[in-house]
*Asks:* 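Have a look at this one.
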Amino acid sequence: MKAIVCKKYGSPDVLELSEVEKPIPKSNQVLVKIKATSINYGNLVLLKGEPFLARIAFGILKPKYVIPGGDIAGLVEAVGKDVKHFQPGDEVFGDLSSCGWGGFAEYVTVPENALAFKPVNLSFEEAAAVPMAGVTALQAIRNKGKIQSGQKVLINGASGGVGTFAVQIAKAFGAEVTGVCSTRNIDILQSIGADHTIDYKMKDLKELKESYDLIIAVNGYQSISTYKRALNPNGNYVMVGGSGAQLTEAMLFGPLISLTGNKKMCSMLQRANQKDLIFLKELIEEDKIKPIIDRCYKLSEVPEAFRYFEQGHAQGKVIITV
């Protein structure tokens, strides 16, 4: 089968389209014929080996997982004898980040608990946009953010992959949502239900007079003191992405602020979760959320797709068709 192979850390130029052995499912595995996949920040970490601490999980000197790719959508081709919930022909989608990656390929074998049935109202390309970004947004808003209906939510970096899901998920929970983005993305946020938008090129968040019950930081950089000022008493701040400085401040100062006051500030790392994926599937089939796709590339064009993605200006998701 054809697959994108990464044998050393580096730029997108180290990615090669190669012929590799087609996998055979073990007794507890599902063989999926991949129709589409997508790029997430985790794929960029796996490619570059940065930040360096990530190499503890991904391989110190070279990538532990030779075929990258986390999100997949496709058709079940075969199942192991112990698989209970899937059979050949089923349309599925899933997140491979906790079970060896391998999504940038024509086929992959995965444990059945990494998969869910594909939403019936999505194409394979749309379904491949959902798992990692959608679950990240869900876990940040529901699990860490403790969202309640009627709360005011601010999402900084609202037009990217995680951000567009975060806006819609917060709305599905009954929140009043303000999205922060650049001028060219205002229309996208309005189209997915944002109640208010802030153009960060026109207004500095340091000048915010509004305050919020929940702030999700997805992209860019704002000091943790800026976010703290914008939180209501008993409010929650969750950092899921952005610059290295934003991550460092959330990890170092967030716990201290949380201990010494009534505002909770934390960082979060997404964990693949089948139940969360099924929850998103149900929201999608109820037309409460939909994936936003920026561009589609072929498997042979993965290096080009990464070059575009790492610029950090994608509107929604970057998809790879297989």
Side-chain angles (χ1 to χ4, degrees), residues 40-42 45 51 53-54 57 70-71 95 97-98 130-180 194 205 211-280 282-283 288-289:
N40 296 279
Y41 177 72
V45 173
L53 283 176
D71 290 340
D95 176 0
S97 61
S98 64
V130 176
M132 293 183 74
V135 169
T136 298
L138 176 64
Q139 292 177 353
I141 289 169
R142 183 192 62 189
N143 301 8
K144 289 287 189 177
K146 311 295 184 185
I147 194 169
Q148 300 292 322
S149 180
Q151 287 187 329
K152 294 173 65 176
V153 178
L154 178 73
I155 299 167
N156 189 12
S159 60
V162 174
T164 50
F165 282 113
V167 169
Q168 297 175 85
I169 291 169
K171 287 295 296 179
F173 277 101
E176 179 183 334
V177 179
T178 298
V180 182
L205 294 189
S211 56
Y212 301 89
D213 302 296
L214 172 60
I215 298 175
I216 306 294
V218 182
N219 208 346
Y221 170 76
Q222 290 292 330
S223 70
I224 197 166
S225 60
T226 296
Y227 286 125
K228 182 184 176 184
R229 282 195 300 271
L231 271 181
N232 285 328
N234 300 310
N236 287 291
Y237 162 77
V238 185
M239 197 290 303
V240 298
S243 70
Q246 185 160 276
L247 171 63
T248 300
E249 289 183 14
M251 294 181 66
L252 289 180
F253 303 122
L256 179 62
I257 293 170
S258 299
L259 284 173
T260 57
N262 58 8
K263 299 178 180 182
K264 303 302 179 184
M265 311 192 76
C266 68
S267 59
M268 190 206 81
L269 183 64
Q270 175 260 4
R271 301 290 185 188
N273 185 293
Q274 186 186 50
K275 290 182 178 179
D276 288 348
L277 200 56
I278 293 170
F279 184 83
L280 290 175
E282 292 169 351
L283 287 181
K288 291 183 177 179
I289 63 173

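These numbers were taken from a predicted model, which means no experiment stands behind them.
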*Asks:* Could you pull out every donor-acceptor pair under 3.5 Å between side chains of residues 170-180 and any protein atom, sequence neighbours left out?
*Replies:*
unit_1, atom_1, unit_2, atom_2, d
Lys171, NZ, Asp195, OD1, 3.0
Lys171, NZ, Asp195, OD2, 3.0
Glu176, OE2, His196, NE2, 2.8

*Asks:* Quick one: CD1 on Ile224 to CE on Met265, what's the gap to the nearest 0.5 Å?
*Replies:*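 These two atoms lie 4.0 Å from each other.
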*Asks:* Hey, could you give me the CZ/CG distance between Arg142 and Asp276, rounded to the nearest 0.5 Å?
*Replies:* 4.5 Å
*Asks:* List the steps and the verdict of side chain to side chain contact (heavy atoms under 4.5 Å, CB included) for Phe165 and Val130.
*Replies:* CA-CA 8 Å; Phe165 282 113; Val130 176; 4.0 Å; yes
*Asks:* Which heavy atom of Gln246 sits nearest to which heavy atom of Tyr221, and what is that distance?
*Replies:*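 So the two residues come closest at OE1-CA, 3.4 Å.
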*Asks:* Could you report the tightest heavy-atom contact between Val240 and Ala140, atom names first, then the distance?
*Replies:* CG1-CB, 3.6 Å
*Asks:* Once rounded to the nearest 0.5 Å, what's the spacing between atom CG of Asn236 and atom CD1 of Ile216?
*Replies:* 8.5 Å
*Asks:* Above 12 or not: heavy atoms from other molecules or residues under 6.0 Å from CZ of Arg271?
*Replies:* no
*Asks:* Tell me if the NZ atom of Lys144 is crowded by more than 12 foreign heavy atoms within 6.0 Å.
*Replies:* no
*Asks:* Are Gln148 and Asp213 packed together at the side-chain level, in the sense that at least one heavy-atom pair is separated by less than 4.5 angstrom?
*Replies:*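 Answer no - side chains too far apart.
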*Asks:* Could you walk me through whether Val238 and Leu214 pass the side chain to side chain contact (heavy atoms under 4.5 Å, CB included) check?
*Replies:* CA-CA 8 Å; Val238 185; Leu214 172 60; 4.2 Å; yes
*Asks:* Show your reasoning for whether side chain to side chain contact (heavy atoms under 4.5 Å, CB included) applies to Asp95 and Leu277.
*Replies:* CA-CA 9 Å; Asp95 176 0; Leu277 200 56; 5.5 Å; no
*Asks:* Quick one: which of Ser223, Ser243, Ser225 gives a side chain to side chain contact (heavy atoms under 4.5 Å, CB included) with Glu249?
*Replies:* Ser223
*Asks:* Considering all heavy atoms of both residues, which atom of Gln139 and which atom of Gln270 are nearest to each other, and what is their separation?
*Replies:* OE1-CA, 3.5 Å
*Asks:* Which heavy atom of Ile169 sits nearest a heavy atom of Ala137, and at what distance?
*Replies:* CD1-CB, 3.9 Å
*Asks:* I need the Leu138 CG to Asn273 CG distance, nearest 0.5 Å.
*Replies:* 8.5 Å
*Asks:* Taking all heavy atoms of Ile147 and all of Gln151, pick out the closest pair and write down the distance.
*Replies:* CA-OE1, 3.5 Å
*Asks:* To the nearest 0.5 Å, tell me how far Ile155 CD1 sits from Asn219 CG.
*Replies:* 13.0 Å
*Asks:* Taking it one step at a time, do Tyr41 and Thr136 satisfy side chain to side chain contact (heavy atoms under 4.5 Å, CB included)?
*Replies:* CA-CA 11 Å; Tyr41 177 72; Thr136 298; over 6 Å; no
*Asks:* If you compare all heavy atoms of Lys263 against all heavy atoms of Leu231, which two are closest, and at what distance to 0.1 Å?
*Replies:* NZ-O, 3.0 Å
*Asks:* Does the side chain of Tyr227 reach to within under 4.5 Å of the side chain of Met239, using non-hydrogen atoms?
*Replies:*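 Side chain of Tyr227 against side chain of Met239, heavy atoms only: no contact under 4.5 Å found.
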*Asks:* How long is the span from the OG atom in Ser267 to the OH atom in Tyr237, to the nearest 0.5 Å?
*Replies:*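 So the OG of Ser267 and the OH of Tyr237 are separated by 8.5 Å.
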